[in-house]
**Q** 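Before we start, here is the structure in question, set down as structure tokens.
Remember, it's 1-based here, ligands and their atoms both numbered in the order they're listed.
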Amino acid sequence: MVAVIGAGPRGLAVLGRLLAHLGPGGSWAGTGADLHVIEPQVPGAGRVWSPDQPEALLMNTLAGHATAYPDDSVRMAGPPLTGPGLLEWSRERGLGLAPWEHPGRALMGRYLAWAYEDLSRRAPDGVRVVPHRTRATALERVPGGIRVHLESGAPAVTADAVVLATGHTDQLPGARERELSRFAEHHGLVHLRPGYPHEAALDRLEPGATVLVRGLALNFFDQLTLLTAGRGGRFTQNPDGSARYLPSGREPRLIAGSGRGVPYLARGQAPGAMPRGHRLRYFDAERARQLAARGPGRVDFRTEVWPLIAREAGAAWYEVALRLRPGMSRLPRAEFLERYGAVEHGSPRWAALLAEAFPDPADRFDPAALDRPLAGRVFPDRQALGSWIRRFLRADLAAARDPEQSPLKAAAAAIAATKAQVRRVAVAGVLNAAGPRELRWFRGFGAHTASGPPASRIAELLALHEAGVVEFAGAGLTVGTDGAAGLFTGASPTVGGEPVRAGALLDAWLPGADLATTGSALLASLAPGGLARPHRAGAGDAAVPTGALDVDPVTLRVRDAAGVPQPDLFACGIPLEGIEWNTAIGARAGGNAALFRQADTVAHGMLTAAAGPYARR
Ligand SMILES: Cc1cc2nc3c(=O)[nH]c(=O)nc-3n(C[C@H](O)[C@H](O)[C@H](O)COP(=O)(O)OP(=O)(O)OC[C@H]3O[C@@H](n4cnc5c(N)ncnc54)[C@H](O)[C@@H]3O)c2cc1C
């Protein structure tokens, strides 16, 4: 008897691998087993991919990349148990979906729910999949296994092995957040806290009400869709092909800012084509392997990892920039590119080469400006800031739709490709105590530059700005309260004049996973109960907590309070973000996805742990 807690894509993948190992050709073929799947939402889809969410909320993944089943590319031990990817599944149902489209998350949810039913039906003789439509609230070690307590009050499940595949769980609000909520309550205002876009109580935002929005990332684009097209507004086309918004009159007035002050950049993708991707040349598998072999706490991200990322991105940027404008460099393109590839980013030789080739710094690849486009800029008012951001967005949109002609999108593709290498280095545990902070920064930078929304969302944002539905509040946004006026305030060093005053505050982001502040009763109970401990990065006294649940990174066995990996308790995915980095990502078809490889490792480990009791049957 084993228990899978959480049946989003990862729990589903573990279920698939358990069934594969128990089925024909598997090491446990012929063994009877009960596989308990504990998930309060639709199993398979889970919370992120709820089939009930509005159809307008899009996946950030392309249809051709989404799958619930491992394919030939996945290097794993057990036998295959395959099935259709999202594209094939939707075609079988007559849904016209192209591989380069961003499908709705609800559609993906229906596919994942189908995959769960499909796998359950394919359970071999003597194997039962037992769903529990509830939440697990606590684990308890008992003689012969682990008891899983259930929120529904149904009898607890005692399992020989358990996996925690709990994904994005809620976080407790911090002191400042609670203060803002209290202020809202006291003055009859609205404060919508960080969370899932489709779960936010957006109907509390009245038509015409001024709403201060914190966050300009993917969550923001979802909220924007729900508050505009989701309220009956329509996007049409201007004669020049740009988008135009026809309001329904039920939209609130949104004034949005963030740390950067500009929205995430659009994904580079030519209309009607799959993106070409980027072949790594400098931060390749060998470099990642060398770094990963260095030993605990021995690698500094800023001086050893970032230069590789920057060189990879810079080379891609210059290659396109010099193809488009060969005259911008004083050196011939081929010579510059060869010499650039041979010098370390940030070194004196690198600086000398750039000075020789590009006397005007404005002609150079500037990752700092890419990260903080508004740094050092001040505008007299929001109107002036808005005009600047509109130009910025138009340029980004044009680049995204013709990525072959864009140095920026070439660099973005390179940055996206380096993420897998960064993950290899991170999971090896070799980064020093500054690692967690630097990885958090790179997650934001990488997401901003290379994992933003589809270009269509940027086109819509432009139209909404032009229609007066959205304004921008600037970079370094700080939210305050005006007790006398009974309103929230939003101030930014980017914009002069009076701060924004609003009767509603919308926090448009999903909090990261941190064991110390988790709102999950289950996760919070583990360390106090001795079944887990918080993970720390870096060596010795310099080690700092990363917010992750501590596991053995190879077997994914959860370490107990003493640091010993437990043979029957596993965890995968987002609760391990502080160890693995970039876990909030699904499996990619044809990409030897870590999600499937880890699911196989976990399934194998769980059945190994359960082998004792099975052997006795
Ligand atoms: C809004 C949003 C959009 C996203 N879009 C994309 C995208 O387009 N492409 C992409 O690759 N990634 C996307 N992601 C990232 C996402 O993390 C992964 O795609 C994927 O869902 C991770 O799978 P998972 O199973 O690890 O976690 P989840 O999908 O979060 O599933 C975990 C499940 O565990 C359940 N659970 C939690 N606690 C308990 C408990 N105590 N008892 C029982 N069950 C529990 C939850 O209900 C949930 O269903 C998105 C994430 C969010 C939040």
Side-chain angles (χ1 to χ4, degrees), residues 3-15 36-51 53-54 57-63 65-68 86 102-109 112-113 116 131-139 148-152 157 162-170 194-200 217-223 225-226 267 419 447 451-454 508-513 518-526 571-577 580 582-589 591 593-596 598-599 602:
V4 176
I5 303 181
R10 280 198 175 82
L12 180 67
V14 172
L15 176 67
H36 292 266
V37 177
I38 303 162
E39 166 64 59
Q41 311 266 339
V42 175
R47 196 171 173 192
V48 172
W49 306 102
S50 164
Q53 65 193 295
L57 297 180
L58 300 182
M59 292 183 76
N60 224 28
T61 303
L62 300 179
H65 288 155
T67 188
L86 172 65
H102 291 271
R105 293 209 288 272
L107 177 73
M108 179 67 178
L112 291 167
Y116 169 79
H132 301 261
R133 242 348 240 283
T134 183
R135 214 170 260 116
T137 50
L139 301 185
V148 184
H149 293 272
L150 303 177
E151 193 177 56
S152 62
V157 172
V162 172
V163 60
L164 302 160
T166 47
H168 301 268
T169 43
D170 297 330
Y196 285 76
H198 67 276
E199 294 177 1
L218 296 175
N219 195 302
F220 162 74
F221 284 97
D222 282 347
Q223 313 277 20
T225 300
L226 295 173
R267 281 174 181 246
K419 288 184 186 178
S451 307
W509 73 87
L510 190 68
T518 181
S520 158
L522 171 68
L523 296 182
S525 74
L526 296 175
C572 55
I574 289 135
L576 312 185
E577 175 64 17
E580 296 201 338
N582 210 25
T583 52
I585 188 157
R588 182 168 170 159
L595 186 148
F596 290 132
Q598 293 189 330
V602 167

**Q** Looking just at side-chain N and O atoms, do Glu577 and Thr583 make a donor-acceptor pair shorter than 3.5 Å?
**A**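 Indeed, the side chains of Glu577 and Thr583 share at least one donor-acceptor pair under 3.5 Å.
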**Q** For residues Arg133 and Val42, determine if any side-chain heavy atom of one lies less than 4.5 Å from a side-chain heavy atom of the other.
**A**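 The answer is yes; the side chains approach within 4.5 Å.
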**Q** Would you say that Leu12 contacts Trp49 through its side chain, given a criterion of any heavy-atom pair below 4.5 Å between the two side chains?
**A**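 A side-chain contact is absent here, since even the closest heavy-atom pair is not under 4.5 Å.
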**Q** Looking only at protein heavy atoms, which one is nearest to atom 8 (O) of ligand 1, and what is the separation?
**A**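 Answer for atom 8 (O) of ligand 1: Asn60 N, 2.5 Å.
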**Q** Quick one: look up the protein heavy atom nearest atom 23 (O) of ligand 1 and list residue, atom name and how far away it is.
**A**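 Ranking protein heavy atoms by distance from atom 23 (O) of ligand 1, first comes Pro9 CD, 3.5 Å.
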**Q** Would Leu526 and Leu164 satisfy side-chain contact (heavy atoms from CB on, under 4.5 Å), going step by step from the backbone distance to the final call?
**A** CA-CA 11 Å; Leu526 296 175; Leu164 302 160; 3.7 Å; yes
**Q** Among protein heavy atoms, which lies nearest atom 26 (O) of ligand 1, and at what distance?
**A**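 Its nearest protein heavy-atom neighbour is Arg10 NH1, 2.8 Å.
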**Q** Using a strict cut-off of 4.0 Å, indicate which atoms of ligand 1 neighbour a heavy atom of Ala584.
**A**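 Taking each heavy atom of Ala584 in turn, ligand 1 has 12 (N), 15 (C), 17 (O) under 4.0 Å.
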**Q** More than 12 heavy atoms of other residues, nucleotides or ligands under 6.0 Å from CZ of Arg47: is that the case?
**A**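 Buried by this count: over 12 neighbours within 6.0 Å.
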**Q** Distance check, rounded to the nearest 0.5 Å: Asn219 atom CG versus Leu510 atom CG?
**A**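 If we round to the nearest 0.5 Å, Asn219:CG and Leu510:CG are 6.5 Å apart.
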**Q** Does His168 have any ring pair (Phe, Tyr, Trp, His ring centres under 6.0 Å) partners at least two apart in sequence or in another chain, and if so, which?
**A**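 Partners of His168 under the ring pair (Phe, Tyr, Trp, His ring centres under 6.0 Å) test: none.
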**Q** Could you tell me whether some N/O pair between Val48 and ligand 1 is separated by less than 3.5 angstrom?
**A**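 No: no nitrogen or oxygen of Val48 is under 3.5 Å from one in ligand 1.
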**Q** Backbone, side chain, both or neither: what part of Ile585 comes under 4.0 angstrom of ligand 1, heavy atoms only?
**A**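 Both the backbone and the side chain of Ile585 come within reach of ligand 1.
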**Q** Would Gly46 count as a polar contact of ligand 1, with the cut-off being nitrogen or oxygen pairs under 3.5 Å?
**A**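 Gly46 vs ligand 1: no N/O contact under 3.5 Å.
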**Q** If you have a sec, work out which protein heavy atom is nearest atom 43 (C) of ligand 1 and how many Å separate them, to one decimal?
**A**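 Of every protein heavy atom, Ile38 O, 3.4 Å lies nearest to atom 43 (C) of ligand 1.
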**Q** Just so I know, are the side chains of Val602 and Arg10 near enough to count as touching, which here means a heavy-atom distance under 4.5 Å?
**A**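 Of all side-chain heavy-atom pairs linking Arg10 with Val602, none is under 4.5 Å.
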**Q** Determine the minimum heavy-atom distance between Pro575 and Thr166, stating which atoms define it.
**A**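 It is CG-OG1, 3.5 Å.
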**Q** When you compare the side chain of His149 with that of Leu139, does any pair of heavy atoms fall below 4.5 Å?
**A**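 Side-chain contact under 4.5 Å: no.
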**Q** For atom 19 (O) of ligand 1, state which one of Ser451, Ala7, Gly586 supplies the nearest heavy atom.
**A**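 Considering heavy atoms of Ser451, Ala7, Gly586, the nearest to atom 19 (O) of ligand 1 sits in Gly586.
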**Q** Would you say the side chain of Ser50 lies within less than 4.5 Å of the side chain of Tyr196, judging by non-hydrogen atoms?
**A**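 Tyr196 does not reach Ser50 side chain to side chain.
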**Q** Going by the order shown, which atoms of ligand 1 are within less than 4.0 Å of some heavy atom of Thr166?
**A**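 So the answer, numbered in order with elements, is 32 (C), 33 (C), 34 (O), 36 (N), 37 (C), 38 (N), 39 (C).
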**Q** For Ile5, counting its heavy atoms only, list the atoms of ligand 1 lying under 4.0 Å from any of them.
**A**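 Those qualifying, in numeric order: 40 (C), 42 (N), 43 (C).
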**Q** Would you mind telling me if ligand 1 is within reach of the side chain of Ala521, the backbone, both or neither, using heavy atoms under 4.0 Å?
**A**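 Ala521 to ligand 1: no contact under 4.0 Å from either part.
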**Q** Touching ligand 1 at all, Gly6? Heavy atoms, strictly under 4.0 Å?
**A**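 The answer is yes, since Gly6 has a heavy atom less than 4.0 Å from ligand 1.
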**Q** Under 4.0 Å, heavy-atom basis, I'd like to know which part of Leu12 is in contact with ligand 1: side chain, backbone, both or neither.
**A**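 Within the 4.0 Å criterion, Leu12 makes no contact with ligand 1.
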**Q** Geometry only, no angles: is His168 polar-contacting ligand 1 at N/O separations under 3.5 Å?
**A**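 Between His168 and ligand 1, an N or O pair is found under 3.5 Å apart.
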**Q** Is any side-chain heavy atom of Leu58 less than 4.5 Å from a side-chain heavy atom of Thr225?
**A**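 Side-chain contact under 4.5 Å: no.
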**Q** Measure the distance from atom 28 (P) of ligand 1 to every protein heavy atom, then report the residue, atom name and distance (to 0.1 Å) of the closest one.
**A**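 The closest heavy atom on the protein side is Gly167 CA, 3.9 Å.
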**Q** Among all protein heavy atoms in this structure, tell me which lies nearest to atom 9 (N) of ligand 1, with the distance rounded to 0.1 Å.
**A**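 Here the nearest protein heavy atom works out to Thr61 OG1, 2.6 Å.
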**Q** For atom 5 (N) of ligand 1, what's the nearest protein heavy atom and its distance?
**A**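 Here the closest protein heavy atom is Trp49 CH2, 3.7 Å.
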**Q** For atom 41 (N) of ligand 1, grab the closest protein heavy atom and report residue, atom and distance to one decimal in Å.
**A**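 I find the closest protein heavy atom is Ala136 O, 2.9 Å.
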**Q** Show me which atoms of ligand 1 lie under 4.0 Å from any heavy atom of Ala165.
**A**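 Counting from 1, the qualifying ligand atoms are 32 (C), 33 (C), 34 (O).
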**Q** Kindly indicate whether the side chain of Ile574, heavy atoms from C-beta on, has any atom under 4.5 Å from the side chain of Thr169.
**A**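 Contact flag for Ile574/Thr169 side chains = no.
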**Q** If you measure from atom 49 (O) of ligand 1 to every heavy atom of Met59, Glu39, His149, which option wins on shortest distance?
**A**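 Nearest option to atom 49 (O) of ligand 1, by heavy atoms: Glu39.
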**Q** Look only at interatomic distance and state if Arg105 has a nitrogen or oxygen under 3.5 Å from any nitrogen or oxygen of ligand 1.
**A**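 No; the residue has no nitrogen or oxygen that sits under 3.5 Å from a nitrogen or oxygen of the ligand.
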**Q** Do you know which two heavy atoms are closest between Tyr116 and Gly44, and how far apart they sit?
**A**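 Distance-wise, the nearest heavy atoms are CB-CA, 4.0 Å.
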**Q** Within ligand 1, which atoms have a heavy atom of Gly8 less than 4.0 Å away?
**A**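 Going through ligand 1 atom by atom, the ones under 4.0 Å from Gly8 are 25 (O), 31 (O), 33 (C).
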**Q** Look up atom CZ in Arg588 and atom CG in Leu595, then write down how far apart they are to the nearest 0.5 Å.
**A**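 Here the interatomic distance stands at 14.0 Å.
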**Q** Number the atoms of ligand 1 from 1 as they appear, then name those within less than 4.0 Å of a heavy atom of Arg135, with their elements.
**A**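 So the atoms of ligand 1 that pass are 40 (C), 41 (N), 42 (N), 43 (C).
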**Q** List every atom of ligand 1 that sits less than 4.0 Å from any heavy atom of Leu522, numbering the atoms from 1 in the order shown and giving each element.
**A**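 Heavy-atom distances to Leu522 below 4.0 Å select 41 (N).
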**Q** With heavy atoms of Leu510 as the reference, note each atom of ligand 1 found under 4.0 Å away.
**A**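 Counting from 1, the qualifying ligand atoms are 53 (C).
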